[in-house]
Each structure stands twice: as C-alpha cells, then as structure tokens.
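Comments concern the structure below.
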Number of protein chains: 2
Amino acid sequence: MLQKEVTIYDIAQKLNISSATVSRALNDDPVVSKKTRKRIFDAADEMGYRLNHFARNLRSQKTNIIGVIVPRLNSYFMSAVISGIEQVANSEGYNIIISQSAEQWDKEIANAKTMFNNRVDGLLVSLAYDTKNIAHFEPFFKRNIPVIFFDRVEEHNSSTNVLIDNKRAAYEATKHLIEEGCKRIVHITAIPKRNVYTDRLAGYKLALAEHKIKFKEEYVVISNLGQEDGAKAAEKILHMQPLPDGVFVANDNCAVGCMVALKKAGIRIPQDIAFVGFNNDPVATVVEPNLTTVNYPGYQIGAVAARNLINHLKGAPMYTTDSIILKSELIIRNSSKKSAS
Amino acid sequence: MLQKEVTIYDIAQKLNISSATVSRALNDDPVVSKKTRKRIFDAADEMGYRLNHFARNLRSQKTNIIGVIVPRLNSYFMSAVISGIEQVANSEGYNIIISQSAEQWDKEIANAKTMFNNRVDGLLVSLAYDTKNIAHFEPFFKRNIPVIFFDRVEEHNSSTNVLIDNKRAAYEATKHLIEEGCKRIVHITAIPKRNVYTDRLAGYKLALAEHKIKFKEEYVVISNLGQEDGAKAAEKILHMQPLPDGVFVANDNCAVGCMVALKKAGIRIPQDIAFVGFNNDPVATVVEPNLTTVNYPGYQIGAVAARNLINHLKGAPMYTTDSIILKSELIIRNSSKKSAS
DNA sequence: TTGTAGGCGTTATCAA
DNA sequence: TTGATAACGCCTACAA
C-alpha cells in the first residue's frame, strides 16, 4: 500500500489555515505564532509530512548538492579525502554526489556535464591523469558556480586549489636521502603531466642541485605507480650500473611494491638502497623496514576543500584565495636510516 | 555575468511553437516531426539549454538518485565497494549520494532520514556496528522504496542482501589452519553483534568442532579490528599459556598489526604462530610473510548490489530474492604455511 | 500574525 | 503532428 505524499496543503487544510503559514512555520519563520507553529509541527509529524526538495529547489534554484569528481575511489588517500568531504558537507546540510573519471579526460568531461545538468551548487575536483585542459569547467565558472580543485589541480583565476606543497615535500624527502648518504637517487613517478608529479620532480631536482649532485635523466623511472608497477621498477633498478643507493617514490603503494621486489632479489634496505615514499598510506608501517614517507593528510584536504566551498556558497567573500596549502611533513622511519644501520 | 537559464519556453518562443512540442522533442518522442525536432535541438544547443531536473522530478516523482549509507568510507574494502556502485549507477544514469554512519546507530538513523527526505529512488546500506534494529528503514519499505543491504546485513522480508558466505569462509580459514597443524587457534574479531562477526565466529567454531578441538572462550579476542588493535591483541596472545599456534583474524588490517607486533616480540610466523586474515586487503601482500586471507570482492559486491537495485527500480520482477551470495575464496600465502616451513 | 496568488520548469491530458 | 493548459509542491511578495 503506497500512501500518498503529504503536502503543506494537506496540513493547511486539516488545520484550517493557509499553506503559506504552514510553509513559514516549517521554515522556522519567527513571524508565526508559537501556538500555530506547534499545531503545525504536530500535524506534520502525525501525518508523516516530508519536505519535497524538488519543489523547493525548483523555487529556490538551489540544490544543496556538492558534486565531487575524482580519478579513482579505491585508494586509501582518496577515501580519506572523501570521508573528510562527507563529514563537513553533511554537517552543513549538503549532500554529495560522487563520480569517478577513471583517470580519463573524456570521462571527466562527461562527469562534469552530468554535474552541471544536475545543478550542483558547487564542485570539488581532483583532475584525471589524462586531462589536458579544464575547459569543461567553464560552464561552472560562467555561472559563478564555485569549483575547487584539490590534490591534482590546475591554476584558474576563478577557482581555489587545496593541496600541499609538493615541491617542498619532495625536496625534503630527497634532501633527507642525501643527508643519509645517498648519492645515486632514483625517482619513481608518473609521466609528469599533473602538478603533483611535476612538482615532486622539481623538488627532487632542487635537492640534488643544492647538494651538487648531477641530475640524471635515466634515474627518473616512469611508472603507473601501482604496487605491481613498483615491482617492475625494481627490475629496472637492478639493471642499473652502478646500483642506485636511494629511491624516492611518488607514492607509497609503488614504493612498497618496489621494496618487496628488491628484497626478494637480495637487496638490503636501507643499507644497500634507502627508500622514501609519499602519502603515508597504512602500508608504510607494515612493510619492513617501515617506510619513510611524506604525510599527506587526506581527510583534512577533503574537509578543508569542502569547508571552503561551503563558505563560498554561503556567500563568504571570495577573498581572491588562489590556493590553500596544507602542512605536510616527512615521517622518518627505518627504510631510509642508512646512517644508523 | 550570470546568464539566465534557458527553458523550453524560451526555445518554444524563439521557434514559434509550443513548449509542449519542445518537451516532446527533447524527450525523443517519435511523434514529433523530424524537421521540427532538428530545429528544436539546434536551438537548444545554440541557446545553451539544460534540463531542469527538479522540475522534471517534481512532475515525475522520481529522482534518479541512489542513496548509499556505509559505516566508514576509509577502508580499502569500502572504497572498492563504492567504486563498484558508482560504476554501475553511473552507467545506468543514476547518481549516488553517500553518507557515513561512523558506526553509530543514531547517525545511521539520521542518515536514513535525510535519504528519505531526499527521496532517493533506492537505498544501499551496510549497517553500522552499533545498530540494534532496522526500524529506521521502515519508511522505505512502506513506500516500496527498495533497500538493499550489503556486507553488514540484517534479514528483512522486503529487502535483499548482498554478501559472501562468511561462515563458510571462516570455516575454511580455520580448517586450513588446523590442517597446517594448528591446535590452539585464537580468533580475533569484533563483539559479535553484526552478521559478519557472528558468522565468522560460527565458522571458526564449526571447524574446531569438526576436528574435535575444544572451543575455548579465552581464545576469542575482542577488538576494534584496527591496525593498532592488532598490536594490542598481540599483547594478549603473548600472555597466553601455552602460546597459541594459530590466529584467525576477522580483518587483514588487524591481522597485520598483530603480526608486526608479534614479530617484534620474537615470534616467528608461521613457525610459532600461523596467521589467516580476512578481506584480501593490499597490505596482505606487503606484510612478511604474506598474509593468507579470504578474498572478499568489494568491487563486485558494490556492482552487484547496485545492479540489483537498479533492476528493481526498472521494474524487474522482485523475485523474492533473499540474498545474493558472492563467491569468496581462501588465498593461501606464507603466513599460514606451517607444514612447508 | 495570517492569507492570496503567482511562478519556478516540466510533463501529461485533451483537444485541434 | 501540434497546441493549450493543468498539475507537481513549495516559497514569497503583497495585501489584509
């Protein structure tokens, strides 16, 4: 048995008042008398009234929905981000709808279109690996729908970026390896198309330069950064002459895959090769030796991005904030402690 | 500059036809002549028309939104599930909105209410640890809004469950330990309130019974199943006299935390204590020795649950399907191979 | 403090 | 094949 939806009209009729008063009461308009207000709430409860968001949205032209577009959902980092977004959004009465670009530009374009047609109030985006430009977000900019990029960002004068200082983090990671005595440091990363990879590469180079170590193209190993790709990278490393003595990897998963493979080949970590990863994924404290890595606070990234977006939506002055840079830090564990070993 | 939204009226006016015809054309109603149809589409494109979902929903009383309520977002398993849900939903033109119960009953109730008020077309739920009953989903059942539970389920005659056979999986895990020669097998799990834990416990007991090993209450270690809780469990295990020779853990994270702590205390795995986990989380292949575990296909769970829900929504006969049980399997790695070592 | 009435953008019914 | 029109449920000037 499907019961019919109760509307404010039904309540009004039952109480012999106008629907306007009901609407006002339900929206906590202080102008309604305490008494009527109570009668209305009681009746609403009793009759099982529920607000029709569509009718409201249709009028108010707002949706209370935040769109989220991410490359992939199934990484520890990204779920932490989403968790942060959800928490903040929910506490502010926003819902989130999520879609994945699967690292593909065209899927990202399609997702953006869907979000646009769903009239999200705002958008949180981490760009696909594959994305060449951000023209597909123009419709949002044109309509003043706030778009915030996080982690994988692109500069745009009408949007804010939330991320960490990847260059500095990479610089410190590399510097740490150098200070531990490494001279031949390999950097495993993805094709440097996105900021996260170019910046990390830049930080790596900077640290080398600053310590007068010559940058060698062949020490940059390009990979998809999955755990299995780490094993493949290990192959390459094992063929290098002379053997590298340090590896800085752009992500923990890959670092761990690489370490496991190298250990299987008899390499001692950190004595023969020291390792630093990126993200501070839970695996970092499982692999042996535990992985030195850059703590990248996913939950906070998500929470801050969402908070910022909602502030925009609530009409907070759009300080021309370009970027919000969260703190990251190098967490030193045993995988890099050459000196102590 | 905010451009005004283009409506079907604007298109109609421009082309000197009625809005009804425009609506029909836009919805691919074959009754519209090819010629007008083309004119309408061209005009729509040119004018930047976009469908107003709210107006449509208001009329059609459908939202094309699927609600998802999960305990926590930040685990590998759950992100795989979400990924599966998103994929299927998206391909069928549904959006998903997600909320977390943070394992709390009251938050789950609130979430359910929000979902209800958002008029989701259907709901996918994995129950909070804390949830005592599922009365908060009654409003959905009453209105024939399909609700599908996955992983953490509860029986209800108007909903379907998607999960694996936890009891059997646990039975096989335990049996495997026994066959490897274990006689004193500890089971680390959460307070058995949810099916996943009671069933695994039952499977554990069954295997013991079948092999004439007496079940001992003190071998069941209750924990929150986080990585750090694994370390705490290790403490307890180390104090047991005599030392257990096998551990079956209800989740990989915790298993790994426990293994690491035991190793630090000088215990050899699997020689002294063999381990089996649950989930086949990526850490399972990182910890040393690699963890034997039950493969729990998160992506598929999500995809199947979503597919099933959408089939309901599209009016597929609601075969009185009680449960959909997906295959799981024991993946044997070195953490349990006592005999070979 | 409350009521009246119009409109948000669609779709469906009926008529032409 | 197309058009006129009435809902869908809510909010908000404006009036009382």
Side-chain angles (χ1 to χ4, degrees), chain A residues 2-44 47-65 93 116-121 143, chain B residues 2-44 47-65 93 116-121 143:
Chain A
L2 278 175
Q3 18 177 327
K4 173 121 176 9
E5 287 291 346
V6 177
T7 73
I8 53 174
Y9 286 100
D10 301 324
I11 300 178
Q13 196 171 22
K14 173 160 180 181
L15 299 181
N16 246 311
I17 55 179
S18 83
S19 64
T21 304
V22 177
S23 169
R24 283 191 275 256
L26 260 18
N27 286 291
D28 283 326
D29 188 328
V31 86
V32 180
S33 77
K34 282 252 162 84
K35 214 174 112 192
T36 3
R37 196 191 126 93
K38 176 153 172 35
R39 290 177 62 218
I40 290 170
F41 272 91
D42 289 349
M47 302 169 73
Y49 167 80
R50 57 174 180 166
L51 170 68
N52 186 319
H53 286 260
F54 308 116
R56 165 180 281 180
N57 292 340
L58 183 57
R59 278 259 353 182
S60 65
Q61 309 281 32
K62 284 195 57 216
T63 67
N64 268 34
I65 293 180
F116 187 68
N117 289 333
N118 274 299
R119 317 228 172 174
V120 295
D121 286 347
R143 273 180 212 270
Chain B
L2 278 174
Q3 18 177 328
K4 172 123 178 11
E5 288 290 346
V6 177
T7 73
I8 53 173
Y9 283 104
D10 302 325
I11 299 178
Q13 196 171 24
K14 173 161 181 180
L15 299 182
N16 246 311
I17 54 181
S18 82
S19 66
T21 304
V22 176
S23 170
R24 283 192 276 255
L26 259 17
N27 286 292
D28 284 328
D29 188 329
V31 86
V32 181
S33 77
K34 283 252 162 80
K35 215 172 114 193
T36 6
R37 196 191 126 92
K38 176 154 172 32
R39 289 176 64 218
I40 291 171
F41 271 90
D42 289 349
M47 302 169 72
Y49 167 81
R50 57 174 182 165
L51 170 67
N52 187 320
H53 286 260
F54 309 116
R56 164 179 283 179
N57 291 341
L58 181 57
R59 282 265 351 185
S60 64
Q61 309 282 31
K62 283 197 58 213
T63 67
N64 268 35
I65 293 180
F116 187 67
N117 289 334
N118 274 299
R119 318 229 170 174
V120 295
D121 285 346
R143 274 181 212 270

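Numbers restart at 1 for each chain; the letters A, B, ... are given by sequence-line order, proteins then strands.
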Next item on the list: Could you work out which one of C:dG9, D:dC10, C:dT1 sits closest to the side chain of A:N52?
Entry: D:dC10
Notebook entry, point to check: For the side chain of B:N117 and the backbone of A:L51, is there at least one donor-acceptor N/O pair under 3.5 Å apart?
Noted result: no
Margin query: Here's a test of your reading of the structure: between B:R119 and B:S19, which maps to the more 5' nucleotide of DNA chain D?
Written below: B:S19
Note to self: Looking at C:dA5, I'd like to know if its phosphate oxygens (OP1 or OP2) sit under 4.0 Å from a side-chain N or O belonging to A:Y9.
What the structure shows: no
Margin query: Base, sugar-phosphate or nothing for A:N27? Non-hydrogen atoms, less than 4.0 Å.
Written below: sugar-phosphate
Margin query: Classify A:F54 by what it touches in the nucleic acid, base, sugar-phosphate, or nothing, heavy-atom distance under 4.0 Å.
Written below: nothing
Notebook entry, point to check: Taking for each residue the nucleotide of DNA chain C with the nearest heavy atom, is it B:A20 or A:R24 whose nucleotide lies nearer the 5' end?
Noted result: A:R24
Margin query: By nearest heavy atom, map B:S33 and B:Q61 onto DNA chain D; which one lands nearer the 5' end?
Written below: B:S33
Next item on the list: Give B:S23 one of three labels, base, sugar-phosphate or nothing, depending on what nucleic acid heavy atoms sit under 4.0 Å from its own.
Entry: base
Checklist line | Side-chain donor/acceptor of A:R50 to backbone N/O of B:F116, under 3.5 Å | finding: yes
Check: So does A:R50 reach the base of D:dG9 with its side chain, donor to acceptor, closer than 3.5 Å?
Finding: no
Margin query: Counting only heavy atoms from other residues, nucleotides and ligands, does the tally under 6.0 Å from CD of A:Q61 exceed 12?
Written below: yes
Next item on the list: Describe the nucleic acid contact of A:S60 in one word from base, sugar-phosphate, nothing, applying a heavy-atom distance below 4.0 Å.
Entry: nothing
Check: Has A:S18 got a side-chain N or O lying under 4.0 Å from the OP1 or OP2 atom of C:dG3?
Finding: yes
Item checked: B:T7 side chain, from C-beta outward: closest of C:dT10, D:dT1, C:dT2 -> C:dT10
Note to self: Under the side chain to side chain contact (heavy atoms under 4.5 Å, CB included) test against A:S23, which residue among A:T21, A:L26, A:N27 passes?
What the structure shows: A:N27
Check: Rounded to the nearest Å, what distance is computed from the CZ atom of residue B:R59 to the C1' atom of nucleotide D:dG9?
Finding: 12 Å
